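Below is one structure, written out as structure tokens, with a few remarks after it.
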Amino acid sequence: MNATVRRTAVVVAASAMAVSLAACGSAKEAGGSGGSGEKKKDGPLSIGLLLPEDQTARYENFDRPLIEAKIKELCSDCTVTYVNAKQDASVQQQQMDSMITKKVDVIILDAVDSKSIAGSVKKADAAGIPVVAYDRLAEGPISAYTSFDNEEVGRVQGRALLEALGDKAGKGQIVMMNGSPTDPNAAMFKKGALSVLEGKVKIGKSYDTTEWKPSEANKNMNGAIAALGKDNVVGVYSANDGMAGGIITALKGAGFKELPPVTGQDAELAGVQRIIAGEQFMSVYKPYKPEADAAAEMAIALGRGEKVNADDTIDSPTTKGVPAILIPPVSLTVDNVEETVLKDGLYKLNQICTPKYRAACEKAGLK
């Protein structure tokens with residue numbers, strides 16, 4: 001069952017999405033709900049931060065440091081206990097149990113498996129520990145949620161693929177390389193993409209990729225090429241950049257003279273470089289800072305026993321009306337690298353334009 005969003009306010013620009021809280025958690029109680037409101041804690045908070053995996057570059061390079069930095073900014077004496085489940089749902093359940101045993105004040109959770117973690121979320125709730133679901137909508141009695149508008153991510157990818165295909169859209173078949181079936185976001189990306197693509201292209205093969213692994217995407221793409229025939233594959237919907245790398249390796253290995261357009265997501269450095277080199281058509285840039293800021297601010301408010309300030313609510317399969325902050329995604333192509341990832345400081349020019357990509361960067365006007 002997919003989550004259903006009830007929009008209660010117009011989504012504004014990503015830079016304005018973070019909730020406004022005063023330093024060290026003296027929040028204005030406005031909008032939304034969350035947490036029991038029974039405890040008020042004025043001293044330092046202990047915050048558990050649980051991230052799902054380290055194969056995707058974003059978690060260690062951006063999410064963790066950004067969340068930790070925002071918590072430090074808002075509450076200098078708050079402490080963060082960080083763990084990474086490395087894509088193992090049972091390990092994450094143990095990590096949640098450990099946080100509960102340590103009696104942390106609040107947990108920020110990016111679930112490996114949104115369903116299997118529900119029991120641990122219930123345990124936290126019973127112990128009076130609110131849980132902020134981060135990036136993925138965990139099941140169970142969560143108190144708040146922040147992520148991107150995930151169906152819109154899929155629509156952005158679908159529209160970009162149609163644009164790249166042009167009049168080829170009706171002349172061949174595309175391959176859909178969706179994300180992990182244990183990730184509720186993957187289902188929303190897929191739903192959004194299909195809402196754009198169905199009826200406009202023929203989907204020759206579609207895969208739900210185990211654990212988002214590039215190696216699985218590579219294997220599946222090789223299978224799709226063998227089944228459909230090289231000449232019939234005109235485009236590839238890839239749900240993220242890591243898988244796009246595996247897909248493009250398979251396409252090159254199959255001897256494509258001209259690579260078909262491939263989508264992506266996360267604006268990973270390697271993905272941005274492939275876009276500049278003309279190997280990958282696009283990625284979805286999701287500004288991590290407003291998402292990380294929102295998670296930190298929600299966590300501190302809930303740890304204080306205060307309400308969170310959220311403009312949206314979202315329903316999970318188990319919990320209705322969860323206060324939510326949803327951040328709009330941006331389509332990243334070779335034409336707007338400068339206005340997005342460079343302008344926002346995600347990467348520096350010399351990180352992208354290494355000697356291997358210098359000529360491609362110059363051609364794209366990146367100097």
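This structure is a prediction, so every number in the text was calculated from the model and none was measured. Scope of the values below: all heavy atoms of this structure, side chains included, with no hydrogens, waters or symmetry mates.
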Practice item. Could you tell me whether a side-chain N or O of Gln157 sits under 3.5 Å from a main-chain N or O of Ala239, the two making a donor and an acceptor? Key: yes

Review point. Is any side-chain heavy atom of Tyr288 closer than 4.5 Å to a side-chain heavy atom of Leu346?
Key: yes

**Study point:** Backbone N/O of Lys367 and side chain of Glu362: donor-acceptor pair under 3.5 Å
**Key:** no

Exercise for review: Check whether the side chains of Trp212 and Asp183 place a donor and an acceptor atom closer than 3.5 Å, and report yes or no.
Suggested key: yes

Point to revise | Residue pairs involving residues 159-170 (criterion side chain to side chain donor-acceptor pair (under 3.5 Å); sequence neighbours excluded) | key: Glu152-Arg159

Exercise for review: Report yes if the side chains of Glu139 and Thr319 come closer than 4.5 Å at any heavy-atom pair, otherwise no.
Suggested key: no

Review point. Which atoms form the tightest heavy-atom contact between Ala295 and Ile108, and what is the distance?
Key: O-CD1, 3.9 Å

Revision key, fill the gap. Between Met99 and Ile129 the two heavy atoms that sit nearest each other are O-CD1, 4.5 Å

Review point. Going by heavy atoms in the side chains, are Leu45 and Arg304 under 4.5 Å from each other?
Key: yes

Exercise for review: Sort out for me which residue in Val322, Ile300, Leu302 forms a side chain to side chain contact (heavy atoms under 4.5 Å, CB included) with Val308.
Suggested key: Leu302

Point to revise | Contact check, side chains of Ser283 and Glu268, non-hydrogen atoms, under 4.5 Å | key: no

**Study point:** Closest heavy-atom pair and its distance - Ala118, Gly140
**Key:** CB-N, 4.0 Å

**Study point:** Any donor-acceptor N/O pair, Asp241 side chain to Gln265 backbone, under 3.5 Å
**Key:** yes

Review point. Under 4.5 Å between any side-chain heavy atoms of Lys289 and Asp344, yes or no?
Key: no

Check your understanding: Of all heavy-atom pairs between Phe281 and Pro261, which one has the smallest distance, and what is that distance?
Key -> CB-CB, 4.0 Å

Check your understanding: For the side chain of Asn240 and the backbone of Gly264, is there at least one donor-acceptor N/O pair under 3.5 Å apart?
Key -> no

Study note, to complete from the structure: Checking Glu60, Arg64, Glu53 against Asn84 for side chain to side chain donor-acceptor pair (under 3.5 Å), the one that qualifies is Glu60

**Study point:** Asp63 to Tyr134 - nearest heavy-atom pair and separation
**Key:** OD2-OH, 2.5 Å

Practice item. Over all heavy atoms of both residues, which pair between Gly192 and Arg155 is shortest? Give the atoms and the distance, please. Key: O-CG, 3.3 Å

Exercise for review: Using a strict cut-off of less than 4.0 Å between a Lys/Arg side-chain nitrogen and an Asp/Glu carboxylate oxygen, indicate whether Asp110 and Arg58 qualify as a salt bridge.
Suggested key: no

